[in-house]
Visitor: 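Please read through the structure below; I'll follow up with questions.
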Amino acid sequence: MLDIRFIRENAEAVKTAMRNRNADVDVDAVLELDSRRRAMVTEAEELKAERNRISKSIGLMIKEGKDPEEIKAQVREMGDRISSLDEELRQVDSKLRDGLLFIPNMPSATTPVGKDETANPVVRSWGEKKTFDFTPKPHWDLGADLGIFDFERGAKIAGSGFPLFKGRGAKLERALIQFMLDLHTEEHGYTEIAPPFMCNATAMTGTGQLPKFAEDMYNVPLDGLYPIPTAEVPVTNMYGNEIIDQELPILHTAYTPCFRREAGSAGKDTRGLLRVHQFDKVELVKFTTPETSEAEHEKLTADAERVLQKLGLHYRVIELCTGDLGFSASKCYDIELWAPAQDKWLEVSSCSNFKDYQARRANIRYRDENGKPAFVHTLNGSGVALPRLVIAIMENNQNADGSIDLPEVLWPYMGGLKKLV
RNA sequence: GGAGAGGUGUCUGAGUGGUUUAAAGAGCACGCUUGGAAAGCGUGUGUGCGUUGACGCGUACCGGGGGUUCGAAUCCCCCCCUCUCCGCCA
């Protein structure tokens, strides 16, 4: 969330930013709550100061054997006023917090201003489109023929969008996860985390999924838990309500399954692995100082790209414009893989710098050079998500006979298998 | 799921209704002392919010939330977490 003091002092800039985001936010209503709240706090605290003084004197009177009943009655009235003021204050406070929780992050100064995804500039690309001397098949046909997944049975037991991998398909999932985790821990300096796959509402609020995107989340109301939509939630919230005393930056990587209801996407990208309710992902998460977060953002993006380079897959990096930027992000690069049978680019990673937005929501701090507590900057990106990665591997590496060549870096993880036949 | 014991500041640890403004010790920082160090001595050492140009002042915070009271770390209620034992169980 944004600092209320920042909003107070930069109201016009905030309003402009919200317009650029196409976000419908009533900044003035929040400012009004803020000024009401401060007036009430001052009044309540003055009363409390007086009550504390008098209560102390009552203690003395009793000790001296005087009768305090008259003063007690007087303070009792004061207490009633304080109680009702506190109650009112609680309400204003929670309204203000709710208001703040629905205001998205400020786009960074370098984020291009634009209306929607059509305004996202391509930053760079790697490799080139593969040419085929036959018509490349979509991954769902290839996979069904090879028997490496069985979406019908997945749908039978959980519903559509819950993919079921089988045999070498299941092993390929495991191999890719292991390959990516090894790369990030051994070559990029990340510490691996195996976190809980469910989080409470506080954690979901800390990273920005709640309260606004409740409909996108699965939830288990009986226990107040949410199956995680991304490892970002548990791994970022690891340090919630802490003043981190380790040296920054902290780099974490984590494999988790991810669960998304995809509300509002019904009927879109329904075939195969394009858009599913459950998928595997290796995530990269960083905690940095404000001074280093921009450089760490570039490095994090490069770490994700390295996965695709090692796998030999053609990709491009785009930067999200203000109109397409995620709620909590200040700056974001999407990495997209080319899928020849789909004839389109598929997003496999969103690498975001959240600045202090999540840190303020989750209360994650460090001590700055003066020893004063300050909010960290949080960053994350997929490194990378599996379904579309599997699509790209299958569709790009297919042969005319329906077999699929496996990238060389995966051979050791596939027990020496070089080809899916 | 049942029974019990706990949760106090950076740490250890006291505190069961009123100068507690959370004792004491350790740690840490600074200063004195010293040829230098250690020891010793002295001073300081939390977070949020409000207010202020600033120094500061006020307020809240002893796992979390409510309540009783003029006044709560302390009494009452609910919840969370940790440990021990029992039950169940991969």
Side-chain angles (χ1 to χ4, degrees), chain A residues 1-9 30-101 194-206 210-211 219-226 233-234 237-248 257 356-376:
Chain A
M1 91 194 137
L2 298 180
D3 186 354
I4 183 63
R5 279 167 294 205
F6 175 84
I7 300 176
R8 206 184 292 152
E9 287 157 23
V30 167
L31 287 172
E32 163 64 21
L33 283 168
D34 171 50
S35 80
R36 265 178 69 198
R37 175 185 165 274
R38 282 184 293 145
M40 291 170 71
V41 165
T42 302
E43 190 183 346
E45 289 190 350
E46 275 167 7
L47 280 171
K48 285 177 188 174
E50 196 180 346
R51 181 182 64 183
N52 287 348
R53 273 195 304 275
I54 299 177
S55 289
K56 209 169 270 184
S57 76
I58 290 176
L60 284 174
M61 286 176 77
I62 293 171
K63 208 166 266 182
E64 292 164 8
K66 295 179 189 159
D67 177 19
E69 285 313 314
E70 198 176 320
I71 291 186
K72 274 169 80 166
Q74 188 188 329
V75 182
R76 195 174 301 134
E77 256 172 62
M78 191 180 288
D80 291 344
R81 253 157 65 215
I82 290 172
S83 298
S84 68
L85 212 53
D86 270 348
E87 175 53 32
E88 236 181 294
L89 185 57
R90 255 198 296 276
Q91 286 176 21
V92 171
D93 231 344
S94 93
K95 268 189 203 162
L96 175 60
R97 182 171 164 82
D98 285 352
L100 287 171
L101 287 177
F197 297 163
M198 297 219 254
C199 281
N200 59 33
T202 303
M204 298 290 283
T205 304
L210 292 180
N219 80 79
V220 184
L222 193 60
D223 298 287
L225 292 170
Y226 298 79
V233 180
N237 283 287
M238 275 173 66
Y239 300 99
N241 287 319
E242 285 187 33
I243 298 176
I244 297 174
D245 60 2
Q246 317 173 40
E247 200 178 327
L248 299 178
D356 62 5
Y357 186 87
Q358 292 182 326
R360 185 171 284 106
R361 288 171 84 108
N363 194 24
I364 305 170
R365 293 176 295 171
Y366 75 110
R367 289 194 184 276
D368 66 18
E369 63 273 17
N370 301 316
K372 287 286 151 213
F375 291 111
V376 301

Visitor: With sequence neighbours left out, what residues match A:Q246 under side chain to side chain contact (heavy atoms under 4.5 Å, CB included)?
Guide: A:Y239, A:I244, A:I250
Visitor: I'd like the P distance from B:U69 over to B:C76, given in whole Å.
Guide: 16 Å
Visitor: Run the side chain to side chain contact (heavy atoms under 4.5 Å, CB included) test against A:N219 and tell me which residues pass, sequence neighbours left out.
Guide: A:P221, A:Y226
Visitor: Applying a 4.0 Å non-hydrogen cut-off, can you work out what A:R365 is touching in the nucleic acid: base, sugar-phosphate, or nothing?
Guide: sugar-phosphate
Visitor: Going by the salt bridge (Lys or Arg N to Asp or Glu O under 4.0 Å) test, which pairs reach into residues 75-92 of chain A, not counting sequence neighbours?
Guide: A:K48-A:D86, A:E87-A:R90
Visitor: Could you pull out all residues at least two apart from A:R53 that satisfy salt bridge (Lys or Arg N to Asp or Glu O under 4.0 Å)?
Guide: none
Visitor: Please give the distance between the P atoms of B:U19 and B:A73 as a whole number of Å.
Guide: 11 Å
Visitor: Specify the separation, in whole Å, of atom CZ of A:R97 and atom C1' of B:C49.
Guide: 14 Å
Visitor: Are A:Q91 and A:K95 close enough, and set up right, to give a side-chain contact (heavy atoms from CB on, under 4.5 Å), and what steps lead you there?
Guide: CA-CA 6 Å; A:Q91 286 176 21; A:K95 268 189 203 162; 5.6 Å; no
Visitor: Is the number of heavy atoms from other residues, nucleotides or ligands within 6.0 Å of CZ (A:R8) greater than 12?
Guide: yes
Visitor: Using atom CE of A:M40 as one end and atom P of B:G58 as the other, report the distance to the nearest whole Å.
Guide: 23 Å
Visitor: Among residues two or more places apart or on two chains, list those pairs meeting side-chain hydrogen bond (donor to acceptor under 3.5 Å, both in side chains) that have a residue in residues 358-371 of chain A.
Guide: A:E232-A:Q358, A:N241-A:N363, A:D356-A:R360, A:Y357-A:R361, A:Q358-A:T378, A:N363-A:R365
Visitor: Could you list the residues that satisfy side chain to side chain contact (heavy atoms under 4.5 Å, CB included) with A:E46, not counting sequence neighbours?
Guide: A:T42
Visitor: Starting at atom NZ of A:K372, determine the distance to atom C1' of B:U47, rounded to an integer number of angstrom.
Guide: 10 Å
Visitor: Begin with the C-alpha distance, continue with both residues' side-chain angles, and end with the deciding distance and a verdict on side-chain contact (heavy atoms from CB on, under 4.5 Å) for A:I54 and A:M78.
Guide: CA-CA 11 Å; A:I54 299 177; A:M78 191 180 288; 4.1 Å; yes
Visitor: Without decimals, in angstroms, what is the distance between A:R38 CZ and B:G48 C1'?
Guide: 16 Å
Visitor: Report the C-alpha separation of A:I7 and A:D34 in whole Å, then their side-chain angles, then the decisive distance to 0.1 Å, and conclude whether the side-chain contact (heavy atoms from CB on, under 4.5 Å) test is met.
Guide: CA-CA 10 Å; A:I7 300 176; A:D34 171 50; over 6 Å; no
Visitor: For RNA chain B, which residues of residues 196-206 of chain A approach it to below 4.0 angstrom with any heavy atom?
Guide: none
Visitor: Roughly how many Å apart are B:U16 and B:C89, using the P atom of each and rounding to a whole number?
Guide: 46 Å
Visitor: Tell me: CZ of A:R8 to P of B:U51, nearest whole Å?
Guide: 7 Å
Visitor: Tell me, for nucleotides 60-77 of chain B in 5' to 3' order, what letter each nucleotide earns: B for a base near a protein heavy atom under 4.0 Å, S for only sugar-phosphate near one, - for neither?
Guide: S-----S---BS------
Visitor: Expressed as a whole number of Å, how far does the P atom of B:A5 sit from that of B:G25?
Guide: 32 Å
Visitor: Rounded to whole Å, how long is the line connecting atom CZ of A:R37 with atom P of B:G48?
Guide: 14 Å
Visitor: List for me each residue that meets side chain to side chain contact (heavy atoms under 4.5 Å, CB included) alongside A:V41, sequence neighbours excluded, and say none if there are none.
Guide: A:R37, A:E45, A:L89
Visitor: Wobble G-U and Watson-Crick pairs count when both distances are under 3.5 Å; given that, what is the 5' to 3' dot-bracket string of RNA chain B, with | for pairing to other strands?
Guide: ((((((((.[[[..)..(.....]]]((((((.......))))))((((((....)))))).[[[[[..)....]]]]])))))))....
Visitor: Measuring only the P atom in each nucleotide, how far is B:G58 from B:A22? A whole number of Å is fine.
Guide: 13 Å
Visitor: In whole Å, what separates the C1' atom of B:G63 from that of B:C83?
Guide: 15 Å
Visitor: Between the protein and nucleotides 6-11 of chain B, list every N/O to N/O distance that falls short of 3.5 Å.
Guide:
none

Visitor: Toward the 5' end of RNA chain B, which comes first, A:G371 or A:E46, by nearest nucleotide?
Guide: A:G371
